[in-house]
Number of protein chains: 2
Amino acid sequence: MGQGRPPTMRDVAEHAGVSVSTVSRVVNAEKYVDPATRATVEASVAALGFLRNESARTLRPGQRTATIALVVEDLTNPFSAELAHGVEIVAAGAGYVVLLLSTGRDARGDRDRVREDEIVGELLRRRVDGVLMVPGAEDREGRYAALAERAPVVFVDRLPRGVRGDVVLLDNTGGSRRLTQLLLDRGHRRIGYVGGDRGSGPGARRHAGFRAALRAAGVREERELLRFNQHSSDEARTATEDLLALAHPPTAVFCDNNRMTVGALLAVHRAGADVVIGGFDAVELAEVLVDRVALATYDPVDVGRQAARLLVERMGGSQAAPRRTTVPVVLAEFGT
Amino acid sequence: MGQGRPPTMRDVAEHAGVSVSTVSRVVNAEKYVDPATRATVEASVAALGFLRNESARTLRPGQRTATIALVVEDLTNPFSAELAHGVEIVAAGAGYVVLLLSTGRDARGDRDRVREDEIVGELLRRRVDGVLMVPGAEDREGRYAALAERAPVVFVDRLPRGVRGDVVLLDNTGGSRRLTQLLLDRGHRRIGYVGGDRGSGPGARRHAGFRAALRAAGVREERELLRFNQHSSDEARTATEDLLALAHPPTAVFCDNNRMTVGALLAVHRAGADVVIGGFDAVELAEVLVDRVALATYDPVDVGRQAARLLVERMGGSQAAPRRTTVPVVLAEFGT
DNA sequence: CTGAAAGCGCTTACAG
DNA sequence: CTGAAAGCGCTTACAG
């Protein structure tokens with residue numbers, strides 16, 4: 001494996017008896033090459049198994065790396081994985097390759113600042129042509145803004161406070177409001193809320209939609225029914241168990257993302273409780289849980305495709321004002 | 001965005017009043033640089049926001065790209081996504097960045113040969129330091145073998161016929177045999193089989209384990225209970241419905257991967273049938289389906305970690321004979 | 001400890 | 001249509 005240096009254009013040129021310039025022209029499929037010369041060179045390329053060194057090509061100013069970076073928190077979340085899939089499809093179609101970077105989370109469930117800095121540095125050193133970023137909530141250190149000054153960036157799922165740029169969002173507020181409305185329509189008045197960070201981003205919007213629906217229905221939001229800052233399905237399960245143990249428990253529980261929904265489903269199932277779950281994000285096999293679930297879903301693959309398309313435009317040199325695309329959210333109800 | 005060329009070492013050198021060589025030494029944290037000089041240069045680096053161009057560094061022979069490629073079929077499958085996560089963690093820890101490439105499937109559910117060739121070319125042109133590949137079953141065209149000659153490769157989940165190399169496998173045969181044994185122990189004698197490709201790779205091994213368990217128990221494998229070549233949960237659902245509609249239907253169904261299991265669960269659920277499902281791979285919320293499911297699971301993240309560790313060793317120059325690592329499979333039973 | 005110079009593998013005007 | 005030459009941004013012996 002890896003034995004010997006790979007052949008260079010110089011090797012091909014010698015083998016074919018032409019100059020390096022000519023080899024370059026053939027490899028780049030330029031016009032104005034004599035057909036016979038072209039054939040000879042192509043034969044030498046094949047004979048030597050020549051593959052143009054992309055690092056060398058890239059060195060010339062104005063040449064692209066044909067690489068985009070996708071920065072997500074954790075590929076373990078189906079949202080991230082499907083997003084990546086959508087990105088990859090569009091990227092491949094447009095001639096780009098995807099560099100995948102995960103920020104991870106620290107013990108408190110927050111972004112690791114140091115790791116994020118490393119990632120931004122890495123992208124810039126590699127001169128990626130563009131970046132797709134699922135960002136953290138804040139940009140106090142100006143990390144995202146600095147990145148956006150040096151490379152085309154499209155943000156996904158949230159635009160960090162204090163940053164200008166393209167962003168692809170979900171209809172978090174609307175989806176959440178309609179999902180809550182559905183629960184209200186089914187007669188529920190005590191609705192629990194199990195969610196992650198409430199500060200900003202998707203979590204904040206989803207909670208806002210929840211409140212809006214309650215308000216419109218003249219239902220008070222009860223503090224004792226709210227459980228924020230859950231970061232895993234295990235935590236969500238415990239939080240839901242707490243809710244079920246209340247003297248006056250909720251008859252429905254709103255979950256603000258898929259991990260929350262999974263945890264709540266388990267808690268409700270174990271308790272054998274007669275509680276309806278309304279969850280944001282898709283959860284596979286929800287159909288099997290008839291009579292108990294309503295979901296607000298969207299297509300993460302499509303989010304990836306749209307974001308990648310926006311980025312491809314930007315990399316093409318578009319100087320239009322920052323754009324905001326919103327991917328729709330649809331409700332799915334299983335059972336009543 | 002992207003305004004102006006990024007600063008070069010030359011810019012830094014001029015700003016600091018030293019030579020480019022000295023800047024290089026400081027940036028590479030070499031010894032034998034006067035502390036005062038180092039400080040000046042570091043100040044200039046910071047002032048100009050200099051980030052070393054990795055393409056240029058890479059050009060020198062012997063320099064690595066610090067890039068590994070991960071080639072999967074489809075990130076939409078949780079196995080691939082978690083695998084990628086494990087890979088990314090080890091890669092980042094070892095100073096590598098991950099290039100993600102998906103082969104996709106064509107209409108018949110097979111690998112797209114053309115796309116695979118493109119991918120191999122892409123990796124080689126980019127001079128990645130190593131490749132992690134979830135390969136197709138065959139290597140008739142010698143694609144994988146050719147790749148393995150030019151770069152360190154670790155295969156995942158299967159070693160294509162006719163290729164030598166490192167591989168990280170699951171205990172497909174053993175896990176499958178034990179899962180089938182469990183169904184037999186519960187008294188099932190008519191066990192349906194819903195699976196994907198039977199020809200080779202994981203599918204073939206899982207079927208082999210199934211047969212081995214039946215044989216050991218003196219149970220005949222009935223042709224009418226076998227449903228191969230299912231490629232989606234929808235197809236698996238239909239196949240399972242077929243099984244349930246037989247004059248003499250199975251009392252248990254063995255599913256050879258997670259898509260099959262999801263489809264079978266839906267079919268059994270819809271039919272309200274009293275059928276136990278034994279499935280290979282994890283399926284979230286299986287716990288909610290108590291009394292109906294046994295799963296053979298393993299940790300795809302761990303598969304990724306192990307494969308990446310093997311690759312890091314190879315990239316370090318290890319010339320040891322090809323290695324084979326097997327990740328264990330554990331049974332989980334829900335309900336009886 | 002530091003600098004001048006060569007060279008990595010390409011691309012691209014510039015001549016011819 | 002083709003080649004010689006310069007140059008992209010680095011690293012690395014080689015002197016000093």
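For the numbers below, each heavy atom of this structure counts, side chains included, while hydrogens, waters and symmetry mates do not. In what follows, every chain begins at residue 1, and chains take the letters A, B, ... in the order their sequences are listed.
- Taking a 4.0 Å limit (strictly below) on heavy-atom distances, residues 29-47 of chain B does not reach DNA chain D anywhere.
- Contact annotation for B:Val18: backbone-only contact, meaning every heavy-atom pair under 4.0 Å involves sugar-phosphate atoms and none involves a base.
- Using a 4.0 Å heavy-atom cutoff across all strands shown, A:Val20 reaches at least one base atom of the nucleic acid.
- Salt bridge present: B:Arg314 and B:Asp166 bring a charged side-chain N and a carboxylate O closer than 4.0 Å.
- Checked for salt-bridge contact, B:Arg161 and B:Asp139 miss the test: no charged N lies under 4.0 Å from a carboxylate O.
- Between A:Phe50 and A:Val27, some side-chain heavy-atom pair lies under the 4.5 Å cut-off.
- Taking only side-chain nitrogens and oxygens, A:Asn53 never comes nearer than 4.0 Å to OP1 or OP2 of C:dC8.
- Counting non-hydrogen atoms under 4.0 angstrom, A:Gln63 reaches the backbone sugars and phosphates but no base.
- Note on B:Thr8: every side-chain N or O is 4.0 Å or more away from OP1 and OP2 of D:dG9.
- Annotation: side chain of B:Glu82 is not in contact with side chain of B:Val303 (no heavy-atom distance under 4.5 Å).
- At the phosphate of D:dG3, OP1 or OP2 sits under 4.0 Å from a side-chain N or O atom of A:Thr22.
- Of the side-chain N and O atoms in A:Ser24, one or more sit less than 4.0 angstrom from OP1 or OP2 of C:dT11.
- Contact annotation for B:Arg60: base contact, defined as any heavy-atom pair under 4.0 Å involving a base atom.
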Would you tabulate the nitrogen or oxygen pairs shorter than 3.5 Å linking the protein to nucleotides 13-16 of chain C?
from	atom 1	to	atom 2	distance (Å)
C:dA13	N6	A:Arg25	NH2	3.3

- Under a cut-off of 3.5 Å for both distances of each Watson-Crick or G-U pair, what dot-bracket string does DNA chain D give, using [ ] for crossing pairs and | for inter-strand pairs? |||.||||||||.|||
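- Judged purely by distance below 3.5 Å, without hydrogens or angles, the side chains of A:Tyr32 and A:Arg25 never pair a donor atom with an acceptor atom.
- Under the side-chain contact (heavy atoms from CB on, under 4.5 Å) rule, B:Val18 has a single partner from B:Val26, B:Val12, B:Thr37, B:Asp34, which is B:Thr37.
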